Amino acid sequence: MKFGEHVPLAPLTTLGVGGKARFFIEAHSEEDVKAAIARARECGLPVLPLGGGSNLLVPDAGVDGVVVKVMMRDIACEEGGAETLLVAGAGASWETVVDTATSRGLFGIENLAGIPGTIGGAAVQNIGAYGAELAGVFAYADTVDAATGSSRRIARDEAAFGYRTSFFKNNRSHIVTRVALRLSTHASPNISYPDLLRAQEEGVSLTAPVDIAKAVRAIRARKFPKQAEEGSAGSFFKNPVISRELASALAERFPGMPQFPQPDGTVKVSLAWLLDRALSLKGFSKGNARLYEKHPLVIVARAGARAADIDALAKEVAELVRSATGIAIEREVETFGAR
Ligand code: EPU
């Protein structure tokens, strides 16, 4: 277990901004996580779990807590007929998990290829892309409750998954240490998302899980900034879910606005489309932060950017959207330490 004080967090996040952790612990086992919890309790500070840092905004002032970087990275596959249970330490890189599954011909997470972060973060966030969500394959997660120090297995029916949310997101004292996914050898390609249909029309083979994962990575590479060049955290905002009445009124004002009716009668609308077509905000900037030209739901942080630049930009974008559409948008990216 590695321990440090005043450890810079920016290099541990994909946005690459923000200050230091008061205390920092690398946990290589569930026992390490428990030891970190005990330490935090002694100092009267919160425990802040960190995965791949791909959905986090670290404040410039840093965080006054015990940051626990989850380092358990083992991946095992338990085969059982048509189904395979993939069990991974929460710190395993999501891309490694996708590679492990697709190279064995397992279906279930190929549409989620190319997403940065860890499998633990993937469960907290219920990552989703190209018509699939983690919730679709989730079997269980093991957690340690920082409030009590005890271990608990959260099964699928307790995981309360929703759009970019879960039991783990809403119960932050539960630190995810292990995640199990139920994958299948049965061919079940899910290629109904427009970008994938387009790839298929262009002659890209979308039969095996590896092919689909490859196609998804190619699509993402065209839309998202390259991590080596500029920092980002994927979609910075969630797509808004609004009333049917507001959606109809907006569709009249903004012809062609994509709408996705939800089972409960609400409508999910595309914020990228609104930022681009209704508000012309591609490239809109504040300090060293801007809305990415190829996908305005993404905030990119140029070298030298501060968390304050990103925060100011996000606030201004939210205000512009509110005054133009009446929609109160929500962030997908979380501010570290803000509860
Ligand atoms: N669009 C524009 N202009 C643009 C970009 C997109 O008009 O510059 C339009 C597209 O034509 C499309 C719509 O906006 O009609 C939606 O775009 P896209 O298909 O790229 O999906 P998204 O809703 O913007 C969501 C997820 C992404 C995920 C993609 C693909 C959220 C917040 N974002 O983006 O997830 O990769 O779908 O499934 O739900 C993430 O959560 O970090 C993330 C990257």
Side-chain angles (χ1 to χ4, degrees), residues 13-15 51-57 94-95 98 109-118 121-136 161-166 169 190-199 212-213 215-227 230-242 247 250-251 254-262 266-284 290-301 310 314 317-318 321 325 327 329-334:
T13 70
T14 57
L15 270 166
S54 56
N55 200 48
L56 274 189
L57 177 62
W94 178 250
E95 270 292 71
V98 172
I109 52 175
E110 59 284 0
N111 292 40
L112 303 175
I115 297 178
T118 60
V124 174
Q125 180 66 1
N126 186 19
I127 56 168
Y130 305 104
E133 271 187 349
L134 185 96
F161 288 118
Y163 172 50
R164 298 295 188 275
T165 191
S166 68
K169 195 160 181 173
N190 167 7
I191 53 165
S192 54
Y193 201 85
D195 293 323
L196 283 168
L197 284 178
R198 219 167 295 134
I212 299 170
V216 166
R217 288 189 183 110
I219 292 165
R220 295 184 69 94
R222 289 197 291 271
K223 288 190 173 184
F224 297 106
K226 289 195 178 52
Q227 185 56 43
E230 284 185 304
S232 88
S235 299
F236 195 88
F237 302 100
K238 292 187 200 175
N239 281 320
V241 179
I242 60 178
L250 289 173
F254 306 118
M257 181 186 83
Q259 299 186 54
F260 306 94
Q262 303 296 295
T266 58
V267 179
K268 194 189 268 186
V269 294
S270 163
L271 185 56
W273 192 95
L274 285 169
L275 294 173
D276 178 8
R277 315 286 183 91
L279 290 151
S280 300
L281 284 176
K282 278 181 164 177
F284 181 64
R290 73 182 196 286
L291 297 186
Y292 192 48
E293 291 74 11
K294 294 182 193 164
H295 204 301
L297 212 48
V298 175
I299 290 184
V300 278
I310 293 169
V317 168
V321 172
T325 66
I327 301 174
I329 59 172
E330 286 175 23
R331 294 183 184 192
E332 182 186 301
V333 171
E334 288 181 48

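First listed ligand is number 1; within each ligand, the first listed atom is number 1. The model shown is predicted, which means the values in this text are computed figures rather than measured ones.
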For atom 24 (O) of ligand 1, find the nearest protein heavy atom and state the residue, atom name and distance (0.1 Å precision).
H295 CE1, 3.0 Å

Just to confirm my output: which protein heavy-atom neighbour is closest to atom 8 (O) of ligand 1, and how far is it?
K282 CE, 2.9 Å

At a 4.0 Å threshold, what atoms of ligand 1 neighbour a non-hydrogen atom of K294?
8 (O)

Report the nearest protein non-hydrogen atom to atom 10 (C) of ligand 1: residue, atom name, distance rounded to 0.1 Å.
W273 CD1, 5.0 Å

Hey, which atoms in ligand 1 end up nearer than 4.0 Å to a heavy atom of F224?
44 (C)

Is there a side-chain contact between R217 and V98 (heavy atoms, below 4.5 Å)?
yes

Would you indicate whether the side-chain heavy atoms of L291 and F236 approach each other to under 4.5 Å?
no

Ligand 1 atoms in contact with G128 (distance to a heavy atom under 4.0 Å)
28 (C), 35 (O)

Look at the rings of Y193 and Y130 and say which category their plane angle falls in: under 30° parallel, 30 to 60° tilted, over 60° perpendicular.
perpendicular

Test item: V333 and I310 side chains (from C-beta on) under 4.5 Å apart, heavy atoms:
no

side-chain contact (heavy atoms from CB on, under 4.5 Å) between F161 and E133, worked out
CA-CA 10 Å; F161 288 118; E133 271 187 349; 5.6 Å; no

Please list, in number order, the atoms of ligand 1 under 4.0 Å from a heavy atom of L297.
24 (O), 32 (C)

Please could you name the atoms of ligand 1 that P258 approaches to less than 4.0 Å, counting only its heavy atoms?
15 (O)

Indicate yes or no: at least one non-hydrogen side-chain atom of E110 is less than 4.5 angstrom from one of V216.
no

Tell me which one of V317, L275, I299, L279 satisfies side chain to side chain contact (heavy atoms under 4.5 Å, CB included) with F284.
V317

Could you report the tightest heavy-atom contact between N111 and A132, atom names first, then the distance?
CB-CB, 3.8 Å

On a heavy-atom basis, I'd like to know which of D276, V216, L291 is closest to atom 4 (C) of ligand 1.
D276

Residue and atom name of the nearest protein heavy atom (relative to atom 38 (O) of ligand 1), distance in Å to one decimal
Y130 N, 2.6 Å

Between F237 and ligand 1, which residue portion shows a heavy-atom distance shorter than 4.0 Å: side chain, backbone, both, or neither?
backbone

Does a side-chain heavy-atom distance below 4.5 Å link P296 with L281?
no

Report yes if some heavy atom in the side chain of T325 is under 4.5 Å from a heavy atom in the side chain of F254; otherwise report no.
yes

Candidate with minimal heavy-atom separation from atom 26 (C) of ligand 1, of Q125, R164, E293, E332
R164

Looking at atom 12 (C) of ligand 1, what's its closest protein heavy atom, distance included?
S270 OG, 4.5 Å

Closest heavy-atom approach to atom 42 (O) of ligand 1 among S235, P296, P240 is made by S235

Of the listed options K268, R220, R277, closest to atom 36 (O) of ligand 1 (non-hydrogen atoms)
R220

Quick check: closest heavy atoms across E230 and P225, and the distance to 0.1 Å?
O-CB, 4.4 Å

Ligand 1 atoms in contact with A129 (distance to a heavy atom under 4.0 Å):
28 (C), 36 (O), 38 (O)

Atom 21 (O) of ligand 1 [closest protein heavy-atom partner, distance rounded to 0.1 Å]
Y193 OH, 3.2 Å

When you compare the side chain of F237 with that of E332, does any pair of heavy atoms fall below 4.5 Å?
no

Of the choices A278, P194, G256, A272, which has the non-hydrogen atom that lies closest to atom 1 (N) of ligand 1?
A272

Can a non-hydrogen atom of Y163 be found less than 4.0 Å from any atom of ligand 1?
yes

Of the protein's non-hydrogen atoms, which lies at the shortest distance from atom 23 (O) of ligand 1, and what is that distance?
N239 ND2, 2.8 Å

How about N55 and R164: do any of their side-chain heavy atoms sit closer than 4.5 Å?
no

Within ligand 1, which atoms have a heavy atom of G234 less than 4.0 Å away?
42 (O)

